[in-house]
> 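Okay, here's the structure, questions in a sec.
Note that the structure is predicted; figures quoted are calculated from it, not measured.
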Amino acid sequence: MTHPTPFGLHRRSLLKTSAALGAASLLPGLPGLAAAQGGAKKFAGVTLNVSTFSATYPKLLQQWLPEFEALTGAKVNFDAPSFPVYNQRVDLELSTRGSAYDVVNVTFIYSSRWINSGWLTPLDDYIRNPNLTSADWDLNDFLPGARAPETGKDGKLYGIPWTAEALLTASSRFDLLEKAGLAFPDTTDDLVKVLRAVHKKERVAGFVADNHYGWTFVPYLHAFGGDVFRKAPDDLFPTLDTPEAIAAGEYYANLLREFGPDGAITYQPDQVTQALKLGRVNFTDAGQLHLAQLGDPATSKTLKTVRFGQVPKGPAGRFPGTAVHGLGIPAGSKNKEAAWAFIQWALSKQTTRKAVAAGYGSPARRSDIDSAEFRQKQVINGSDLAKLSLDAIELASKTGHMKYRTVSVYPQIDQQLNKAIELIASGQLSAKQAFQQAQANSIAELKRAGQKL
Amino acid sequence: MASVLLAPGWRAEQRRAFLLGLSPSLAVLLVITLVPAAALLVASFTPLSLTDPAATFRFDDPLVNYRQLLQDNRFLGSIAVQFKLSASSVALQLLVGLGLALLLNGKSRVLEGARTLFLIPMVLPPIVVALIWKIMYTPDVSPVHRALEHLGSPVRSLIANPETALWAISLADTWQWFPFTMLMVLASLQMIPDDPLEAARLEGANRWQLFRYIVFPYIRPVLVVCGLFRLIDSFKAFPLIYVLTNGGPGNVTEVTNYYGFIQAFNFSYWGYASAIATVMLVGVFVLSWLVGKLGWSDHEQR
């Protein structure tokens, strides 16, 4: 039920009108949508189906949907299941060229497969069209390193990044290190030394990591001089049975086995974040998106003791993991123009700035990253999380070590790495046996995928 | 068929009525059951992969998936895991269900209340059951782990330990499904006539003898049916494995169904996954036939 206002308007109509006027004034860079101010809405009657995995930025967009709906007249169904469920669902939908979704998240590990299979719509024509995109929307403001994984072999752009994040290291109880007279570990040897000194001090376990080891372990694999493939993306012969890979596997599984909390190999990302926020575990390697939550004064008990750093340097150097996710339009979408309007709104300077103001910790626009507001929010207990992340992304773009991640067959290898680390950490196989098995299984999987090795 | 429909007489009339009455249901059954199953079988003879639509209907080497399955250690291992999980969970469900049915077989409000209470796990959605057990098995948040730790007898995480992970899943599955056996056996127990029991009591039979020689032969067919239903269902174990262990640690809880899921949904090898599903389908048919034959033949002889 709506209540008439003193001016004869209904409250809901008034709210909608105000939202439209407010949104239109906030978003001058959406050509064709400004007509909303005159009452005509460009996409009235259109229902857009948007799907991403559940994460901070999509959650903010869900809150702000009425703004887009009031501006355009479109109705938006926004669905955000968990990461694995989302990927399986959209992988299937895209492969059938279905029209169930109009906007999807272009997931990092699937981007090459989805883009190069022709399952997504190139966005270049929309971006270049002044009737659909205004000049001040500014594509070049998005980090070049974040646009690269969203670009196809044809050089066209298929997704607009909403996050560019790095895998960093955190110590939730850095005070325990200080008490022991130790500094933040810089190398893989330092990390073990530190963990030996602080593990189980004040009932705090030393180390835990998200059990997606195809993401958390690989920086160590690189640090020990190993790699996933012989030379991605051109030579995809797996290299998981090399002495370097075996040494890295032994090292990493031992971190979990010797210094992990009970059940360490079952920890998922949110569990890791909670354990760190409550100070039950000291060290982890996690994405900046998760680590930024340790700076939340409302929920983090370790806000005053946390410290962040780069992933440790090994004998071969430092190789931080990076990840990018973007919004794209499926090839089968029947509402592509409206879908583009949604992406434009969702990733406009105004919206991303608002997200940063709301505490979003992993923007992909340079202007947001450089803004004083963002930088200030990202300094948590003296550690500049944004700087660490930018340094990591820059380093990754120089070394090119993340090329393994977006090849179409990586999901197969990713799972072999998960299994191998679990097998070693749970004591079922030695590092050598586990990685030899991972190598043999990976070759079999790649042959099944029709990969010429 | 045509002769049946056209033949004169009362019996022919009956047959016509049956055929005409059944044909709509048979047609629906054909469309919703047999057609997808046939599609699965056809797909299993192709290298179907969603990333390569050109391979969708290629039949140049129709047995390639089945040949690969025979050499796939992970698949063969998953069958062994499946047998362990099915055998342990079905046996536990029958034992617990039977035991509780015998205890709760009576007429009182307390027993009726207890019976209703024990039915709760069975009506919960599988994903909710999986989440309940995820909490129970996660030392960080588990009330059981905390209580045991408080009592000075801490227990290591059951789902992270390769020795216990499968049994932990079996236990959770039993918790959800023992009420099915309990309910069926209770219904059967309440149909046992009093006369033979009274006569046996007068002859001096003790409780065990009453159960062994009178009650058990009555409920045995029901137990066979319960076992068969649960056996078939145990091959569909998925949410518990997905939420609790993801098939790990390593592959110790990776059942065939879960392995097929990974091949289809993580890697897009739909032809290969269809071959796995087809092998499972045949396996379930054979097992069901064996169990059914075993149970019913004895029953008929009796």
> Once rounded to the nearest 0.5 Å, what's the spacing between atom CD of Q274(A) and atom CG of D140(B)?
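CG of D140(B) is found 9.5 Å from CD of Q274(A).
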> So which part of P261(A) gets closer than 4.5 Å to some heavy atom of chain B, the side chain, the backbone, both or neither?
neither
> Between D262(A) (side chain) and P139(B) (backbone), is there a donor-acceptor pair under 3.5 Å?
no
> Rounded to the nearest 0.5 Å, what separates atom CG in N246(B) from atom CG in N211(A)?
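These two atoms lie 7.0 Å from each other.
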> Using every non-hydrogen atom in the two residues, find where F265(B) and D91(A) come nearest and quote the distance to one decimal.
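Scanning both residues completely, I find the closest heavy atoms to be O-OD2, 4.2 Å.
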> Against chain A, label Y242(B) side chain, backbone, both or neither, depending on which of its atoms sit under 4.5 Å from a heavy atom there.
side chain
> Can you list the steps and then say if Q428(A) with V252(B) is a side chain to side chain contact (heavy atoms under 4.5 Å, CB included)?
CA-CA 10 Å; Q428(A) 294 179 75; V252(B) 291; 3.2 Å; yes
> Are a donor atom and an acceptor atom from the side chains of Q412(A) and Q263(B) found within less than 3.5 Å of each other?
no
> Would you say Y66(B) has more than 12 foreign heavy atoms packed within less than 6.0 Å of its OH?
yes
> What pair of heavy atoms forms the shortest contact from P162(B) to S426(A), and how long is it?
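In terms of heavy atoms, the two residues are closest at CG-O, 3.6 Å.
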> So what's closer than 4.5 Å to chain B heavy atoms on V281(A): side chain, backbone, both or neither?
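Looking at V281(A), nothing touches chain B.
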> Examine whether an atom of N65(B) lies under 4.5 Å from a heavy atom of chain A, and if so say whether it belongs to the side chain, the backbone or both; otherwise answer neither.
neither
> Does a sphere of radius 6.0 Å around CZ in F229(B) hold more than 12 heavy atoms from other residues, nucleotides or ligands, not counting ones at 6.0 Å or beyond?
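Incorrect, the count does not exceed 12.
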> Indicate yes or no: at least one non-hydrogen side-chain atom of I265(A) is less than 4.5 angstrom from one of P249(B).
yes
> Which heavy atom of Q437(A) sits nearest to which heavy atom of N251(B), and what is that distance?
NE2-ND2, 4.3 Å
> Start with the C-alpha distance between T138(B) and Y267(A), add both sets of side-chain angles, then the distance that settles side chain to side chain contact (heavy atoms under 4.5 Å, CB included), and finish with yes or no.
CA-CA 9 Å; T138(B) 303; Y267(A) 271 62; 5.6 Å; no
> Could you check whether R448(A) makes a cation-pi contact with F267(B), meaning its NZ or CZ is under 6.0 Å from the centre of the six-membered ring and within 45° of the ring axis?
no
> Under a 4.5 Å heavy-atom cutoff, which of Q71(B), Q68(B), R74(B), H145(B) has the most pairs with chain A?
R74(B)
> Heavy-atom distances under 4.5 Å only: say whether L158(B) touches chain A with side chain, backbone, both or neither.
neither
